[in-house]
Amino acid sequence: MDGIKDKVAIIGMGCCKFGENWDKSADDMIIDAVYEAYADAGVEPKDIQAAWLGTYMTEWTGQMLSRALKLDFIPVTRVENACATGSDALRNACYAVASGACDIALAVGVEKLKDSGYSGLPDFEIHRRQLNTYRSRSFSPPGHFAMMATKYFDKYGLSYEEGKRIIGSISVKNHYNGSLAPKAHFQAETTLEKVLASPIIASPLGLMDCCGVSDGAAAAIVTRADLAKNFRPDPIYLKGLQIAVGPGEGYMSQKYDWSHVEETVRAGERAYAEAGVKNPREEISIAEVHDCFSITELVIMEDLGFSARGKAPVDVDSGFFSLKGGLPVNTDGGLKCFGHPIGASGLRMMYEVYKQLQQKADKRQIKNPRLGLTHNLGGTPATCSVSVIIAGNEKG
Amino acid sequence: MSCPGARKESVKKMTGIVSYAAYLPLYRLDRAEIGRAWGKSGKGEKAVAAFDEDSLTMAVAAATQCLSGKNIGTVDGVLFASTTAPYNEKQSAATVAAVLGMSAETYTADFGGSLRCGTNALRAAVDAVNSGSLKQVLVVAADCRLALPNGANEMAFGDGAAAMLVGKEGVLASIDSIYSMSDEIIDIFRSDRDRYVKSWEVRFVRDDGHGRVVPLALKAAMAKNGKSVADISKIVMYSPDQRQLQAVTKSMKLDPAKVQDTFFNEFGDTGSAQVLITLAAALEAAGAGDRILAVSYGNGSDVVALTTTPAIATGKPKRDISYYLKTKLMVSTYQKYLRWREIVEVEPPATAPMEQPSPVALWRDNKSGLDLHGVKCRKCGMPQYPAQRVCIECGSKDDFEDYSFTNKPAVLATYSHDSLGVSADPPTTIAAVDFKGGGRITCDMTDRDPAEIKIDMPIEMVFRILRYVGGFYTYWWKARPKRD
């Protein structure tokens, strides 16, 4: 098994402005993102040979993509894997190119959440069947991630106040980064005082520990690595493409400790092996991770091996994950500020990694990036679908 | 003394109470708090079913206590009595039997219609056991009555349940006779079109309802048994309030010391459950050989005559009335009570409306959902909930035995207080519950003060309403702090 490393490259990407896009339909956002990607790759619509559309709950089948773009009867597959949907669409497009089934493929992620009339996620009723029972517990995403926060604080002896301060400073960092990202949903800096004073949503998580609920779309065009330089001088090569889908262990087995996410650990280990990464803390230049809640980002730092177990708070305090730190994380503001249109988020993260690796990230640009990582977590800490994708600006 | 006939008579097994237990909800509402809303005074407290309790769940709680340590396999009847059953059409006794894990051959029936339905069910159980048609019958009465705000009934009504197991083996109080009378009167009523209980003019209700019928029934029962009130150790008498209990005690010239308190100032008028709850209190206090009369009221009266046996000393339920008197949480405000009962309409949460569950899926799920059964892997021994076909631990397929999570000691692995979860009692407390012997259930918590919740605290599972969507109830189990 030699994996995906250096077989496929991204030659164009696009991302629409994220936010409460009252004036834009899903079709509008798809068109904005894909036409930016067409232009970036220097391809025509007719060059696309197959497409994967990632959406969690906006419409059905791949027809929305074909209709919006007036694609020429090419194959389009709709992909759904909760918050890992966009990354899974990219993974499928890459596999198609790597197999030789097509040479140029399009991956699109889109979500239109703000037509619902609700402030949070519009519909989580599907989770009532999550345990093969209609009697599933009451569910809200912050409620479940708060369970992890409570257990993490307890396990590592952090007081409520100390724990709140540490996760709160992750939100402060992401707000600063978001203030430098013109397409982000929220572009205002914030302070620790404001974060700590925000109303409690699910204790210990306050409003400012929760990511934005946004509309958005992002797109990538991929081709064979050996063809990539025909399109542009600086293609980005896929090094690892992994998804780990949990069997629901955390809800029914005492093995799960509620202070890590096993799916992240597994997907990370496989992606590092595929990409040949030995020491992620040293080798990964930038990571875009699934900070649906501030506590999630803290735990991901340990699950991905960026920090030792229980030591992420130390790295957060030292600024290791800030824009000028040793391993900048969520340089575009993350889910917290760039926003979280579910099906689009994975491709939005890759959009930032792609721009950073091409040294086109403007005020957010980090120094000499080589390898970038994206991470999505779809579900709850106890059971989820996690994607880890690694990309680099050099072949080999 | 050597007459064989007499000897045979003396060992004839009497039908009676084999075990008993009351259940009172954890929550109490201060009547002064109700009074504050309406500019009047209020004395004492009333027991208030939590937002996720109803007569059925309280019946399950009482029945579980009553059957604790008993062989459920010998119980072949379940009679559920309530004027506030969750359904007009759909049996509650069948749900109780399913939750208790009883066999499909169990005889189940619902009783209702008046506050006398608790003793109606008790008499039916005694008759069935006496006739030999059934061996052991569980009688469980529960009520959760609603009265319009700002009325005397709202102050008076409380919620509660009691269960009695009737049989011939291990009787701790024999049931010597039951005298019943019927009486047609419109005094306390709720038509098929009403949600709230109504009363006719108070003096008519007191003097020509309860105040006329209860003394008549009591006298007639005494005359029929050839006993006098002086022979009785304790009289347990349904009464809508303290004042009426005193009025009948006085008019009957009863010794007040022999009249069982109805806990009106602690629990309120618990409806059809009241006479059985107070009978439980009398049994708890009784010695061997005590004669007890239990008198119900509701379009007539049933007068149940009992005599305790030496077994009474060991039959006290683990959670007795004194437990329920001291184990309580106050409902903080009257508004909260109104919200729990959906008497006031509140702004709906800013989330999608609940999708209707499927009765088909619920039916498939009965064993896990109602009986709290999971499975235990025969290969690796790991208990898991709900029932699985492929083992989460070792991957073996279809190699499980049934495993009950009821009454297994458990602790709280982690939790959160979720203000976004939809609940009439926000925040929703979500719990991961770890069971001794293995297995974890992730579910809602109830009957809790958020401030008391800590990792590793002892937990017990309770049967509750999970949601009411689409015109039917979905019941499931929740976790709550264990209070012993």
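Here is how names work: the chains are called A, B, and so on, in the same order as the sequence lines, proteins then strands, and each is numbered from 1. Keep in mind the model is a prediction, meaning the values are calculated, not measured.
Using a distance-only test at 3.5 Å, with no hydrogens or angles considered, a donor-acceptor pair links the side chain of Thr414(B) to the main chain of Met147(A). Side-chain atoms of Gln254(A) do not come within 3.5 Å of backbone N or O of Asp434(B) as any donor-acceptor pair. Using modelled atom types, no side-chain atom of Arg440(B) and backbone atom of Met252(A) make a donor-acceptor pair closer than 3.5 Å. The main-chain N or O of Ile201(A) is found under 3.5 Å from a side-chain atom of Ser419(B) such that the two form a donor-acceptor pair.
The CG atom of Asp418(B) lies 10.5 Å from the OG atom of Ser203(A); values are rounded to the nearest 0.5 Å. Atom NZ of Lys255(A) and atom CD1 of Ile392(B) lie 8.0 Å apart (nearest 0.5 Å). In this structure, Ile200(A) CD1 and Leu420(B) CG are separated by 12.5 Å, a value rounded to the nearest 0.5 Å. The distance from atom OG1 of Thr150(A) to atom CG of Leu412(B), rounded to the nearest 0.5 Å, is 9.5 Å. Here OH of Tyr251(A) is found 11.5 Å from SG of Cys443(B). Values are rounded to the nearest 0.5 Å.
Residue with the most contacts toward chain A among His417(B), Lys454(B), Lys478(B), Met382(B): His417(B) (heavy-atom pairs, distance under 4.5 Å). Most heavy-atom pairs under 4.5 Å with chain B, from the set Ala149(A), Gly250(A), Pro142(A), Ser259(A): that is Gly250(A).
At a 4.5 Å heavy-atom cutoff, the contact between Ile441(B) and chain A is made by backbone atoms alone. Both the backbone and the side chain of Tyr256(A) have a heavy atom closer than 4.5 Å to some heavy atom of chain B.
The local environment of CD in Glu342(B) is sparse, with at most 12 non-hydrogen atoms from other residues, nucleotides or ligands closer than 6.0 Å. Counting heavy atoms of neighbouring residues, nucleotides and ligands inside a 6.0 Å radius, atom CH2 of Trp60(A) does not exceed 12 of them. Counting heavy atoms of neighbouring residues, nucleotides and ligands inside a 6.0 Å radius, atom CD of Glu452(B) exceeds 12 of them. Other residues, nucleotides and ligands place no more than 12 heavy atoms under 6.0 Å from the CZ atom of Arg266(A). Residue Arg309(A) qualifies as enclosed at atom CZ: its count of foreign heavy atoms under 6.0 Å is above 12. Counting non-hydrogen atoms of other residues, nucleotides and ligands closer than 6.0 Å to NZ of Lys311(A) gives a total of 12 or fewer.
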